[in-house]
Amino acid sequence: MEKLSTILYRYRKLFLAMWLVLIVTFGYFALKLPSVLGGNGFEMEGEFKQTQQLLVDEFDVSESQAIVLFEKKDDVSYEELIKSASNYLEKINTKDYVLKIDAPSLDSSTIDGNFAYGIIHFNKAAVDLDNEINELQDIPIENDEIRVKLTGEPVIVQDMNTASQKDLAKAEAIGIPVALIVLLLAFGGVIAAGIPLIIGIVTVITTMGIVYFFHHVTPLSIFILNVVPMIGLALSIDFALLFINRFKEELVHNSVENAVKKTIQTAGRSVIFSGFCVFIGLAGMLFIQVDIFQNVALGGMAVVFVAVLSAVTLLPAILAMLGEKVNRLRILRTNDQSGQSKWRSFAHFVMKRPVIMTLVSLVILLTALLPIKDMQLEIPSSEALPDNYDSKKALEVYNERFTDETTTDVFFVLKSNGDMLAQGSLNDAVPFIHQIEDDNLVSKVDSLPTALKVDSGKELSQLLNNQQLETQTKPAVESFVNNDYMLVKVTLDTKQSSNEAKEFVKTWAAKTPGDLELYVGGYPKFEQEIFDEIYEKAPYGLLLVLVSTYLILMIAFRSVLIPLKAIIMNILSLTATFGLLVWLFQGGHFGLTESNIALVLPVFVFGLVFGLSMDYEVFLISRIHEVYEQTGDNNLATVEGLASTSKIITSAALIMIVITGAFAFTGITPVKQMGVGIALAIFIDATVVRMLLVPSLMKLLGNANWWFFGKKTTKANTQLNK
C-alpha cells in the first residue's frame with residue numbers, strides 16, 4: 001500500500017485524466033443500457049425451456065402472446081363491439097410478426113359484460129417485441145366508444161422497463177438530496193460533502209456502461225437498472241465518507257502529500273478489505289443458475305469493483321488536488337470531541353449492564369423475526385407493476401372474467417426414437433396417458449388417445465391404420481402428433497402457483513413412459529424448476545459467504561471468537577429483517593400494498609447486506625483492535641473504538657439507509673421490498689447490533705475475544721487501521 005500511495009500521489013493528474021476518459025466512454029454505453037434490458041430475469045436452462053422450444057418447433061405454438069382487451073360503453077351494442085373488435089384484430093393480423101389471432105370471445109357466447117378479448121400470437125420472443133408493441137398500441141379502433149388495452153408478457157416486459165427507469169429517477173431524486181444533508185452534517189462543508197456524491201455518480205455511470213457489454217454473453221434483466229445504482233451509490237458514498245474523514249484527520253498533523261499517502265495506507269486498505277467482503281457476498285449468488293441471480297451477481301460485483309477502484313484511485317487524486325481546500329465552504333460547525341464523549345458515555349452505560357443489554361437485544365431481534373414463519377415466496381409477475389399501468393389493470397380484468405384461476409395447464413411431450421405412431425411407441429404412450437388421467441389432481445386430458453377414445457396402444461394403432469376412418473382420425477393426429485413427437489395437454493384442478501402443481505410436475509417428470517423420452521412444460525414446471533434451483537443451490541452460496549468471511553476476519557484480527565460473533569449477529573439481524581418484511585408487506589402495514597415476498601429477496605438481501613454490514617464491523621473492530629494492542633485492556637479498547645468511529649459509521653449507515661430506503665417510494669414491488677429490506681437490515685445493524693450487542697458481548701467475553709489458538713496477538717502481524 002505504501003508504494004501504491006506514492007504512485008497515486010505522484011501521478012494524480014494522470015489518474016484524473018484517465019477517469020475522465022472512462023466516464024465519457026462508459027457514460028455513452030450507460031445511456032444505451034436500457035435498450036438491451038428485458039424480462040424479469042426468471043429464465044434458466046432446464047426442462048421447461050426445452051419443452052417450450054419443442055412446442056414452438058414441432059407444434060406451431062407461438063413464442064409469445066399478447067392479449068387485446070376490448071371494453072365498450074353501456075350504450076354500445078354487442079354487435080358493434082364484435083364488429084369493431086374483429087376489424088381491429090384483422091388489422092393486426094396483417095403484420096409480419098404476428099403468427100395468428102385467436103378471438104374466442106367474439107363468438108358472443110363468451111363476451112362478459114362490456115368486455116371481450118382476442119389473443120395475438122407472435123413469432124418472436126416477448127423481450128424482442130418493443131417496437132412491435134409500440135406499433136400495435138398506435139393502431140386506432142374505428143369506434144371511439146370502445147377502449148382497447150394491450151396486456152400479456154410482451155407488454156408487461158415493456159412496462160416493467162419503463163417503470164424501472166421512472167423508479168430509478170424517483171429514488172435518486174429522493175435519496176441524493178437527503179444523502180447530501182447527512183454528508184453536510186458529518187463534514188460541515190459543501191466541498192467535503194459533495195465529493196462522495198461525485199464519486200457515487202461516477203461509479204454508477206461507469207458500472208452501467210460496463211454492464212452494457214454483458215448483454216453479449218447473457219440476457220440482462222430490467223432489475224439491473226435499479227440494483228446497480230442502489231448498490232453503487234450507497235457503497236461508493238460510504239467508502240468516500242470513511243476515506244475523506246480519515247484524510248481530514250491526517251491533514252491536521254501532516255502535509256497534503258503525507259495525509260493522502262497515510263489515508264491510502266489505512267482507510268484505503270480497509271476499503272479494499274470491505275469491498276472484498278461485499279464482493280464475496282454477491283459472488284455467492286453465482287451458484288444459482290437463474291438469469292436474475294447471475295445478473296445481480298455480475299452487476300453487483302462489477303459495481304463493487306468500480307466503487308473500490310474509484311475510492312482508492314480517483315478519490316485520492318481529487319483530495320490531492322484539493323488539499324486544504326477540502327475544508328472550504330463550511331456552513332456547519334462540527335464538534336467531534338463532543339460526539340466522541342457522548343458515544344463514550346453510552347458505551348460505558350451499556351458495558352455496565354452487559355447481561356441485561358444482551359437480553360434486551362436478543363428479545364428485540366427474536367420478536368422481529370417471529371413473522372418469518374409465515375413467509376410466502378412468489379415469482380414477481382404483473383402484480384409487481386404499479387397499479388396505474390393499463391397492462392396490469394387489463395390483465396386483472398382478463399383473469400377475472402375470462403380465465404379460471406383455480407385451474408392450470410401442464411404440457412407433456414413424448415418423443416419416440418422413430419415413428420411416434422408405431423405400435424411400440426403407442427403401447428408405451430397410451431397407458432402412460434391414462435395413468436395421468438387417473439391422477440387425483442387432473443381434471444382433464446387432451447391427447448390423441450383421449451380424443452379418439454381408445455384404451456390401449458393396440459386399439460389406437462388399429463384405429464389409425466383403418467383407412468376407412470382416416471378422415472375422422474386425421475384431425476386428431478395433426479393436432480397431437482408430429483413425426484417423433486406426441487403432445488399431451490393436462491388441466492390440473494389447482495392454481496398454477498400452488499405447491500400441489502409444482503409437486504405434480506416434479507413427480508411426473510421423473511417417470512419413464514417405456515422407451516419414450518418425456519418432456520414436461522407449462523407454468524407449474526417453470527416455477528418448480530426456479531424454486532428447486534434456488535433451494536438446492538443457495539446453501540452452497542451461503543456456505544461460501546460464511547466460510548470465506550470467517551476466514552478473512554479471523555486472519556485480519558487474529559481472533560477465533562470475533563469473526564464467529566460477527567457472523568452470528570449478522571444472521572440474527574438479517575432474519576429479524578426478513579420477519580419485519582413479512583409483517584410489513586404480507587400484512588400490508590404502514591399503507592403498503594399487501595403482497596407476498598419476492599422469491600429473490602432473501603437471497604439478494606443476504607448477499608448484499610451480509611457484506612455491507614461487515615463493512616461497519618471491520619471499521620469498528622479495527623479501531624478496537626488497534627487500541628487493544630496498545631493497551632491490552634479489552635474494556636478500554638471497546639469504549640475508545642466505539643467513541644472514535646461511531647459518528648462516522650453512523651453517518652455511513654444513515655446514508656446507506658437513505659439511498660436504499662428511497663426505493664421504498666418506487667412502484668415496482670420487488671424493488672420496493674429490496675430497498676426496504678436493505679434499509680431495515682442496516683438500521684438494525686447500526687442500532688441494536690452495534691450500539692447494544694457489540695459492546696455487551698465484548699464486555700462479557702473479555703480477553704477471550706482476542707484468543708487465537710493460544711497465541712497472543714501482536715501489533716506487528718495484526719495491524720488493520722481504518
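What you are looking at is a predicted structure, and each value in this text was computed from that prediction instead of being measured.
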Q: State whether the side chain of Ser498 and the backbone N or O of Thr494 hold a donor-acceptor pair below 3.5 Å, judged by distance alone.
A: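 No, because the side chain of Ser498 does not come within donor-acceptor range (under 3.5 Å) of the backbone of Thr494.
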Q: Strictly distance-based, threshold 3.5 Å: is any side-chain N or O of Ser221 a donor or acceptor partner for the main-chain N or O of Ile224?
A: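 No, Ser221 side chain to Ile224 backbone: no donor-acceptor pair under 3.5 Å.
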Q: Can you establish whether the number of heavy atoms outside Lys495 located under 6.0 Å from its atom NZ is more than 12?
A: no
Q: Please tell me if the side chains of Leu544 and Leu542 come closer than 4.5 Å, counting only heavy atoms from C-beta onward.
A: no
Q: With a 4.0 Å cut-off on N to O distance, would you call Lys525 and Glu47 a salt bridge?
A: yes
Q: List the atom of Leu441, the atom of Ala501, and the distance in Å for their closest heavy-atom pair.
A: CD2-N, 4.3 Å
Q: As a quick check of understanding, evaluate side chain to side chain contact (heavy atoms under 4.5 Å, CB included) for Phe585 and Asn596, giving each step before the final call.
A: CA-CA 7 Å; Phe585 284 94; Asn596 289 335; over 6 Å; no
Q: Any sub-3.5 Å donor-acceptor pair from Gln137's side-chain atoms to Leu150's backbone N or O?
A: no
Q: Could you give me the CA-CA distance, side-chain angles and deciding distance for Asn427 and Gln423, then say whether side-chain hydrogen bond (donor to acceptor under 3.5 Å, both in side chains) is met?
A: CA-CA 6 Å; Asn427 285 341; Gln423 180 73 60; 2.9 Å; yes
Q: Kindly determine whether Phe606 and Phe578 satisfy ring pair (Phe, Tyr, Trp, His ring centres under 6.0 Å), including the steps that lead there.
A: CA-CA 10 Å; Phe606 180 87; Phe578 297 142; 7.9 Å; no
Q: Within the 3.5 Å criterion, strictly below it, is a donor on Glu153 or Ser64 matched to an acceptor on the partner's side chain?
A: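 Looking only at side-chain atoms, Ser64 and Glu153 do not form any donor-acceptor pair under 3.5 Å.
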Q: Using only atom types and a distance under 3.5 Å, with no angle test, would you say the side chain of Thr151 pairs donor to acceptor with the backbone of Ser391?
A: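 It does hold such a pair.
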Q: Would you please test Met674 and Val227 for side chain to side chain contact (heavy atoms under 4.5 Å, CB included) and show each step?
A: CA-CA 9 Å; Met674 189 183 300; Val227 172; 4.2 Å; yes
Q: Please collect all ring-ring contact (aromatic ring centres under 6.0 Å, His included) contacts where either partner lies in residues 464-496, sequence neighbours excluded, each pair once.
A: none
Q: Which atom pair, heavy atoms only, marks the closest approach of Asp387 to Lys393?
A: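 Minimum heavy-atom separation between Asp387 and Lys393: O-CE, 3.1 Å.
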Q: Test of understanding: with side-chain hydrogen bond (donor to acceptor under 3.5 Å, both in side chains), list the residues that count as partners of Tyr398, not counting sequence neighbours.
A: none
Q: With the threshold set at 4.0 Å, does a side-chain nitrogen-carboxylate oxygen contact exist between Lys49 and Glu529?
A: no
Q: Thr218 side chain to Phe214 main-chain N or O, any donor-acceptor pair under 3.5 Å?
A: no
Q: Test your reading of the model: is there a side-chain donor-acceptor pair from Gln586 to the backbone of Asp374, 3.5 Å cut-off?
A: yes
Q: Calculate, to the nearest 0.5 Å, the distance between atoms CE and CG belonging to Met486 and Leu448 respectively.
A: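 Nearest 0.5 Å value for the CE-CG distance: 5.0 Å.
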Q: Just by distance, do the side chain of Ser461 and the backbone of Gly457 share a donor-acceptor pair under 3.5 Å?
A: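 Not a single qualifying donor-acceptor pair exists.
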Q: Set out, in order, the CA-CA distance, both residues' side-chain angles and the distance that settles side chain to side chain contact (heavy atoms under 4.5 Å, CB included) for Thr473 and Leu463, then state yes or no.
A: CA-CA 8 Å; Thr473 59; Leu463 186 62; 4.0 Å; yes
Q: Under 6.0 Å between ring centres, would you say that holds for Phe213 and Phe29?
A: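 Ring centroids of Phe213 and Phe29 are less than 6.0 Å from each other.
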Q: Can you tell me if Lys91 has over 12 outside heavy atoms packed within less than 6.0 Å of its NZ?
A: yes
Q: With Lys72, which residues qualify under salt bridge (charged side-chain N to carboxylate O under 4.0 Å, His left out), at least two apart?
A: none
Q: Are more than 12 heavy atoms from other residues, nucleotides or ligands located less than 6.0 Å from atom CG of Asn440?
A: no
Q: For a 4.5 angstrom cut-off between non-hydrogen side-chain atoms, does Lys124 reach Glu63?
A: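 Side-chain contact under 4.5 Å: no.
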Q: With rounding to the nearest 0.5 angstrom, report the CD to CD1 distance, Glu135 to Ile92.
A: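 The CD1 atom of Ile92 is 10.0 Å from CD of Glu135, to the nearest 0.5 Å.
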Q: Just grab all the ring-ring contact (aromatic ring centres under 6.0 Å, His included) pairs involving residues 421-441, residues at least two apart or on different chains.
A: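 Those involving residues 421-441 are Phe432-Trp508.
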Q: Could you report the tightest heavy-atom contact between Thr577 and Gly677, atom names first, then the distance?
A: CG2-O, 3.3 Å
Q: Less than 4.0 Å between a side-chain N and a carboxylate O, is that true for Glu527 and Lys502?
A: yes
Q: Can you tell me how far the CD atom of Glu594 sits from the CG atom of Leu584, to the nearest 0.5 Å?
A: 12.0 Å
Q: Does Asn499, at its CG atom, have more than 12 non-hydrogen atoms belonging to other residues, nucleotides or ligands within less than 6.0 Å?
A: no
Q: Between Val445 and Thr450, what is the shortest heavy-atom contact and its length?
A: O-OG1, 3.3 Å
Q: Could you measure the distance from the OG atom of Ser595 to the NZ atom of Lys672? Nearest 0.5 Å is fine.
A: 9.0 Å
Q: Could you state the interatomic distance from OG1 (Thr507) to CD (Gln528), rounded to the nearest 0.5 Å?
A: 9.0 Å
Q: Using a cut-off of 6.0 Å, state whether more than 12 heavy atoms not belonging to Lys373 lie near its atom NZ.
A: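 Yes.
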Q: Taking Leu69's backbone N and O only, do any of them form a donor-acceptor pair with Lys149's side chain (distance below 3.5 Å, no angle check)?
A: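 Not confirmed, Lys149 side chain does not pair with Leu69 backbone.
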Q: Can you give me the closest heavy-atom contact between Val676 and Ala664, atom names plus distance?
A: CG2-CB, 3.4 Å
Q: Give a yes or no answer on whether the side chain of Ser425 reaches the backbone of Leu421 with a donor-acceptor pair at less than 3.5 Å.
A: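 It does not hold such a pair.
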Q: Hey, does the side chain of Asp428 reach the backbone of Asp515 with a donor-acceptor pair shorter than 3.5 angstrom?
A: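 Yes, Asp428 side chain to Asp515 backbone: donor-acceptor pair under 3.5 Å.
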Q: Over 60° means perpendicular and under 30° means parallel, so tell me whether Phe412 and Phe504 are parallel, tilted or perpendicular.
A: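 Because their plane-to-plane angle is over 60°, the rings of Phe412 and Phe504 count as perpendicular.
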Q: Check residues 279-294 and write down every donor-acceptor pair under 3.5 Å in which the side-chain atom is one partner and the other belongs to a residue at least two apart or another chain.
A:
unit_1 : atom_1 : unit_2 : atom_2 : d
Gln289 : NE2    : Leu286 : O      : 3.0
Gln294 : NE2    : Leu286 : O      : 2.9
Gln294 : NE2    : Ile288 : O      : 2.8

Q: Begin with the C-alpha distance, continue with both residues' side-chain angles, and end with the deciding distance and a verdict on side chain to side chain contact (heavy atoms under 4.5 Å, CB included) for Ser497 and Tyr523.
A: CA-CA 8 Å; Ser497 297; Tyr523 192 82; 3.8 Å; yes
Q: Output every pair passing side-chain hydrogen bond (donor to acceptor under 3.5 Å, both in side chains) with a member in residues 536-545, not counting sequence neighbours, ordered by first then second residue.
A: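 For residues 536-545: Glu533-Lys537.
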Q: What pair of heavy atoms forms the shortest contact from Tyr88 to Leu136, and how long is it?
A: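 Shortest heavy-atom contact: OH-O, 3.4 Å.
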